[in-house]
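What follows is a single structure, written as structure tokens, with notes after it.
All values below come from the heavy atoms of this structure, side chains included, with hydrogens, waters and symmetry mates left out. As the structure is a computational prediction, the values presented were derived from the model and not from experiment.
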Amino acid sequence: MLARVLVCFCELFSDILLRNIGLYFVDLNVAKGLVKLWTVYRPLLVIRGSLCGQFFLFTIWLSSFQDVAGLLTVNEYNHVASTSELANPPNTDLFEPIEISPAVFPHLPSPVESFPPMYPSFPATYEPVLTGKCPVNFSAISTILDKTASDCSQPLASLVGNVICCPQFSTLLHIFEGYYSTNSNKLVLQDGMANDCFSDIVSILASRGANSTIPTICSMKSSNLTGGSCPITDVSAFEKTVNTSKLLEACSIVDPLKECCRPVCRPAIMDAAVQISVTQSVMSDNKNIIGEAVHVDVLNDCKGVVFSWLSRKLSSDVANAAFRILSACKVNKV
């Protein structure tokens with residue numbers, strides 16, 4: 001009776017194990033092997049009917065299960081990798097981000113040190129050495145000096161001299177004459193004073209980063225401050241000869257679009273220059289080529305006097321803007 005109970009218990013136990021194995025392992029060959037194993041050792045249990053036989057059977061089954069689990073583990077590592085797995089980058093130090101040492105980058109703790117060749121360099125500013133003989137306070141026109149130094153900087157002056165630098169330098173000289181005339185009855189400077197002031201202007205511009213060869217690039221001399229051969233250089237004589245109200249109205253506001261197409265200020269300046277140069281024309285009755293050349297020089301010198309008077313009446317910023325527009329129209333040959 002005890003043997004039959006043990007056999008039933010063993011059959012129930014084996015059925016439970018086979019069902020569990022079926023849940024975890026879908027391999028039918030394994031299940032069939034276990035069934036055959038139970039068939040072989042079942043008569044032994046029926047005959048002996050002892051607990052030792054059941055334990056012996058359980059031991060055989062457990063060892064068979066371990067073999068199956070080990071076989072499945074080995075086969076798991078022999079499968080072929082899928083496309084998604086092959087797409088993953090290898091885990092190796094060769095593909096790590098490259099670390100750059102800070103020593104590679106230039107370190108310039110002091111602004112005095114020179115920059116590497118790839119860095120843009122600008123001329124250093126310094127205090128200019130002036131003659132001390134020019135009776136003009138240059139700080140009053142410091143803004144125009146800075147603009148001229150910028151437009152005539154060392155690397156650009158020789159490249160864009162006729163387009164940017166020289167028009168601005170000429171404008172600066174006109175504004176300087178106008179500022180000088182505010183404390184004097186003269187619209188121009190005397191020769192000796194013109195030399196000193198012209199030298200100081202060039203020195204100040206060079207100290208602020210401008211090219212020191214501006215006079216050579218722009219073909220200008222200290223005589224551009226003297227009025228040349230223009231017969232009228234006094235403020236009172238100029239205002240008696242020229243219709244100053246008409247001139248000031250035409251050049252107070254210069255439209256950058258209209259002036260080059262339908263000029264208003266340029267004809268007014270030319271008319272004023274002609275009016276103050278008439279005295280020299282009347283004195284000279286020679287109609288030959290030399291006389292005509294002299295008249296052209298006089299007319300150009302008188303135009304400089306007209307610019308000086310306008311600079312006297314207009315603010316430095318307004319005069320600078322107006323004169324630069326006139327220079328642009330001349331450069332563009334409109």
Side-chain angles (χ1 to χ4, degrees), residues 133-149 151-152 166-202 204-205 214-215 218 220-254 259 264-266 268-273 275-277 299-328 330:
K133 299 179 181 180
C134 183
V136 174
N137 182 15
F138 289 99
S139 61
I141 57 173
S142 180
T143 303
I144 306 302
L145 288 169
D146 288 338
K147 181 172 180 56
T148 307
D151 291 346
C152 298
C166 296
Q168 179 60 40
F169 184 63
S170 177
T171 298
L172 170 63
L173 296 182
H174 294 324
I175 293 175
F176 177 82
E177 286 180 312
Y179 179 74
Y180 168 79
S181 66
T182 56
N183 299 323
S184 174
N185 190 42
K186 291 286 187 179
L187 294 172
V188 295
L189 283 69
Q190 300 297 325
D191 291 341
M193 188 181 298
N195 292 332
D196 296 331
C197 291
F198 188 82
S199 176
D200 289 348
I201 290 174
V202 175
I204 293 174
L205 292 177
I214 296 176
C218 300
M220 291 187 179
K221 307 175 184 177
S222 59
S223 60
N224 292 95
L225 298 174
T226 63
S229 56
C230 186
I232 295 179
T233 57
D234 296 337
V235 175
S236 57
F238 181 89
E239 292 179 349
K240 288 180 181 179
T241 307
V242 178
N243 187 351
T244 55
S245 59
K246 179 181 178 181
L247 175 62
L248 193 60
E249 181 183 359
C251 297
S252 295
I253 300 176
V254 179
E259 184 63 31
V264 177
C265 181
R266 283 188 295 170
I269 293 175
M270 182 60 68
D271 291 342
Q275 291 175 12
I276 62 177
S277 65
L299 188 61
N300 290 331
D301 293 338
C302 289
K303 285 175 63 177
V305 175
V306 176
F307 277 111
S308 177
W309 185 87
L310 286 172
S311 300
R312 175 189 174 96
K313 294 297 182 178
L314 302 175
S315 64
S316 58
D317 293 336
V318 174
N320 187 82
F323 298 164
R324 287 302 301 272
I325 293 173
L326 297 178
S327 299
K330 182 179 180 181

Y180 side chain near L225 side chain, heavy-atom distance below 4.5 Å: no
S139 backbone acceptor or donor facing S142 side chain under 3.5 Å: no
Heavy-atom closest contact (E259 atom, R266 atom, distance): OE2-N, 3.2 Å
Crowding at CD, E239 (>12 non-hydrogen neighbours, <6.0 Å): yes
Main-chain N/O of F323 paired to S327 side chain as donor or acceptor, under 3.5 Å: yes
M220 vs I214 side-chain heavy atoms within contact, under 4.5 Å: no
Residue pair N320 / Q168, side-chain donor-acceptor N/O under 3.5 Å: yes
Inter-residue atom distance I325.CD1 - C265.SG, 0.5 Å rounding: 9.5 Å
Minimal non-hydrogen separation, S316 against I175, with atom names: O-CD1, 3.7 Å
V136 side chain near D200 side chain, heavy-atom distance below 4.5 Å: no
Atom of S236, atom of N185 and distance for their closest heavy-atom approach: N-OD1, 3.7 Å
N/O donor-acceptor pair under 3.5 Å between T148 side chain and I144 backbone: yes
Heavy-atom closest pair, residues F138 and L145: O-CD1, 3.7 Å
Beyond-backbone contact of R324 with D151, side-chain heavy atoms, under 4.5 angstrom: yes
Rounded distance [0.5 Å steps], OG in S277 versus CE in M270: 9.5 Å
CE-CG distance between M193 and D191, expressed to the nearest 0.5 angstrom: 11.0 Å
Flag side-chain contact, heavy atom, 4.5 Å: N243 against D271: no
Nearest-0.5 Å distance, CD1 of residue I141 to CD1 of residue I204: 7.5 Å
Test side chain to side chain contact (heavy atoms under 4.5 Å, CB included) applied to L189 and C197, S181, P135, S308, the passing residue: C197
Shortest non-hydrogen contact from L248 toward K313: CD1-CB, 3.8 Å
Heavy-atom side-chain proximity of V242 to V306 below 4.5 angstrom: no
Approximate separation, where rounding is to 0.5 Å, of I232 CD1 and T241 OG1: 3.5 Å
Exam field: side chain S311 to backbone H174, donor-acceptor pair closer than 3.5 Å: yes
Validation row: F198, P215 side chains within 4.5 angstrom (heavy atoms): yes
CG on L247 to CH2 on W309, rounded to 0.5 Å: 5.5 Å
Side-chain heavy-atom pair D234, K186 within 4.5 angstrom cut-off: yes
Short side-chain to backbone donor-acceptor contact, S170 and P167, under 3.5 Å: no
D301 versus G228, closest heavy-atom pair with distance: OD2-CA, 3.5 Å
